[in-house]
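It should be emphasised that the depicted structure is a prediction, and the values quoted were computed from it without experimental measurement.
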Amino acid sequence: MPGTCTVVIPTLNEENNVVNMAKTLREMYPDFKVMFMDDNSTDRSKELIDALNDPLTIMIVRKPEERGLAASVFQGILECGTDYFMTFDCDFQHPPEVLKGMYEEMEKGCDLCIGTRDDRTAMGFTRWAGSWVFTIFADLFLMWHRKPISKDVMSGLIAGRTDVFIPVIKDNWDQLEMQGWKVLLDLLKFGPRDLKITSVHYIFNKREVGESHISNKVVYTTFHQCGCVGRALAKVYAKVKHIDVRFGSRCSALPSS
């Protein structure tokens with residue numbers, strides 16, 4: 001029997017994208033569940049998704065005091081209730097057609113499939129250069145701890161087995177970087193060393209509408225994930241960029257699953 005799958009999509013004020021994204025994914029993958037994990041949007045995102053009246057398309061509005069992109073994704077993985085999960089952006093920078101190949105890799109028995117960007121120029125030069133530098137730093141960190149690495153550890157497009165990663169998330173809940181951007185790094189960092197990992201390649205697109213949520217705080221939290229050296233670099237970066245690193249409360253307890 002084919003494995004069941006949920007596409008987990010973190011959102012924040014994406015009313016211009018959510019309906020188009022939901023309809024696109026449901027048309028292309030009618031058996032997939034689409035779960036928007038919303039960080040308390042102030043626009044009509046929830047209203048628009050509810051109006052679709054589709055039992056396989058839902059939006060969960062998370063607690064205001066526990067906001068965070070990574071927290072949204074981790075909670076979505078815990079609550080999806082399917083054999084596989086996929087993480088996906090709401091802005092169409094990830095091409096929906098790539099999910100077919102990722103699902104096929106999961107059906108072949110891999111634990112984790114990583115979407116690897118062939119051309120990152122759509123990110124802009126500054127973001128591309130930062131991604132390249134951090135990928136090297138993160139890979140060195142993972143290798144030091146004898147954990148598997150990825151050609152694109154900064155990727156936000158991943159698929160995984162819920163029976164493998166739900167225990168990883170639950171067992172390491174207090175150590176996960178909830179405010180950060182890079183869920184993949186924490187899954188590799190805390191996951192088993194013998195993960196069966198594959199990848200699919202895709203072209204990273206430009207955002208269709210809306211504004212990117214990338215900020216200096218994202219850079220800070222990304223480095224903060226990489227041990228004592230990473231935290232030291234994050235602290236220096238915060239001082240140079242005058243970043244207020246007080247993000248408020250983290251998720252104090254595991255959400256129900």
Side-chain angles (χ1 to χ4, degrees), residues 5-19 21-22 25 32-50 56-82 84-94 96 99 112 114-115 153-160 162 165-166 168-170 172-191 207 210-215 217-222 224-225 247-257:
C5 183
T6 297
V7 184
V8 178
I9 307 175
T11 57
L12 176 62
N13 294 328
E14 292 282 2
E15 67 175 10
N16 293 320
N17 287 316
V18 287
V19 172
M21 175 59 71
L25 293 177
F32 285 12
K33 181 179 176 181
V34 179
M35 177 184 284
F36 293 96
M37 301 298 295
D38 190 72
D39 254 351
N40 291 270
S41 293
T42 56
D43 62 8
R44 298 184 303 140
S45 295
K46 181 70 162 59
E47 176 186 342
L48 293 171
I49 291 300
D50 289 348
L56 289 181
T57 302
I58 63 174
M59 175 171 284
I60 296 177
V61 178
R62 304 179 61 256
K63 295 179 180 179
E65 69 273 16
E66 296 182 349
R67 291 179 57 180
L69 185 145
S72 298
V73 174
F74 289 133
Q75 183 179 344
I77 295 171
L78 292 178
E79 298 189 15
C80 68
T82 50
Y84 314 136
F85 67 86
M86 295 181 178
T87 65
F88 202 74
D89 282 350
C90 194
D91 55 15
F92 287 91
Q93 289 187 305
H94 296 152
L99 297 183
L112 182 68
I114 302 170
V153 75
M154 301 286 282
S155 178
L157 175 59
I158 59 177
T162 53
F165 287 103
I166 283 180
V168 171
I169 294 171
K170 287 184 175 180
N172 299 282
W173 185 258
D174 292 335
Q175 300 179 71
L176 299 174
E177 184 58 69
M178 296 298 182
Q179 297 292 338
W181 183 259
K182 301 308 169 191
V183 171
L184 176 57
L185 178 57
D186 266 351
L187 294 183
L188 293 173
K189 174 181 174 181
F190 294 110
R207 168 181 272 267
E211 298 180 355
S212 172
H213 302 300
I214 291 292
S215 67
K217 284 187 177 180
V218 171
V219 178
Y220 169 86
T221 54
T222 302
H224 199 264
Q225 290 173 274
F247 296 105
S249 301
R250 63 171 288 122
C251 297
S252 57
L254 278 165
S256 60
S257 57

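No side-chain donor-acceptor contact under 3.5 Å links S155 to the backbone of I114. Between the side chain of H94 and the main chain of D89, a donor-acceptor pair closer than 3.5 Å is present. Listed for the T87 side chain is no donor-acceptor partner under 3.5 Å among the backbone atoms of V8. In terms of modelled atom types and a separation under 3.5 Å, the side chain of S45 and the main chain of E15 share a donor-acceptor contact. Between the side chain of K33 and the backbone N or O of V7, no donor-acceptor pair lies under 3.5 Å.
Q93 is not listed as a side-chain neighbour of F88, based on a closest heavy-atom distance of 4.5 Å or more. At a threshold of 4.5 Å between non-hydrogen side-chain atoms, the residues N40 and T42 do not count as touching. By the 4.5 Å heavy-atom criterion applied to side chains, Y84 and T162 are not counted as neighbours. Counting heavy atoms from C-beta on, the side chains of T11 and M37 never come closer than 4.5 Å. Residues L12 and L69 form no side-chain contact, since every pair of their non-hydrogen atoms from C-beta on lies 4.5 Å or further apart. Contact check for F36 versus E14: no side-chain heavy atoms found under the 4.5 Å cut-off. Counting only heavy atoms from C-beta outward, the side chains of L99 and L157 approach each other to under 4.5 Å. A heavy-atom distance below 4.5 Å is found between the side chains of T57 and I49.
The line from CZ of F74 to CG of D186 is 4.5 Å long, rounded to the nearest 0.5 Å. Once rounded to the nearest 0.5 Å, the distance linking CG of L78 with CZ of F85 reads 10.0 Å. Here the straight-line distance linking atom CG of L184 with atom NZ of K189 works out to 13.0 Å at 0.5 Å rounding. In this structure, the separation between CG on D39 and OG on S72 is 3.5 Å, given to the nearest 0.5 Å. Atom CZ of residue R44 and atom CG of residue D50 lie 12.5 Å apart, to the nearest 0.5 angstrom. Taken from CG in D91 to CD1 in I9, the straight-line distance is 10.0 Å, to the nearest 0.5 Å.
Residues satisfying the salt bridge (Lys or Arg N to Asp or Glu O under 4.0 Å) criterion with D43, sequence neighbours excluded, are absent altogether.
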Just do the side-chain contact (heavy atoms from CB on, under 4.5 Å) check on K46 and S41 with the steps written out, would you? CA-CA 8 Å; K46 181 70 162 59; S41 293; over 6 Å; no
Criterion side-chain contact (heavy atoms from CB on, under 4.5 Å) on M35 and I60, from CA distance to verdict: CA-CA 7 Å; M35 177 184 284; I60 296 177; 4.2 Å; yes
Please assess L112 against F165 for the test side-chain contact (heavy atoms from CB on, under 4.5 Å), listing each intermediate value before the final yes or no. CA-CA 9 Å; L112 182 68; F165 287 103; 4.1 Å; yes
Let me see the working for F190 and I169 under side-chain contact (heavy atoms from CB on, under 4.5 Å), right down to the final yes or no. CA-CA 8 Å; F190 294 110; I169 294 171; over 6 Å; no
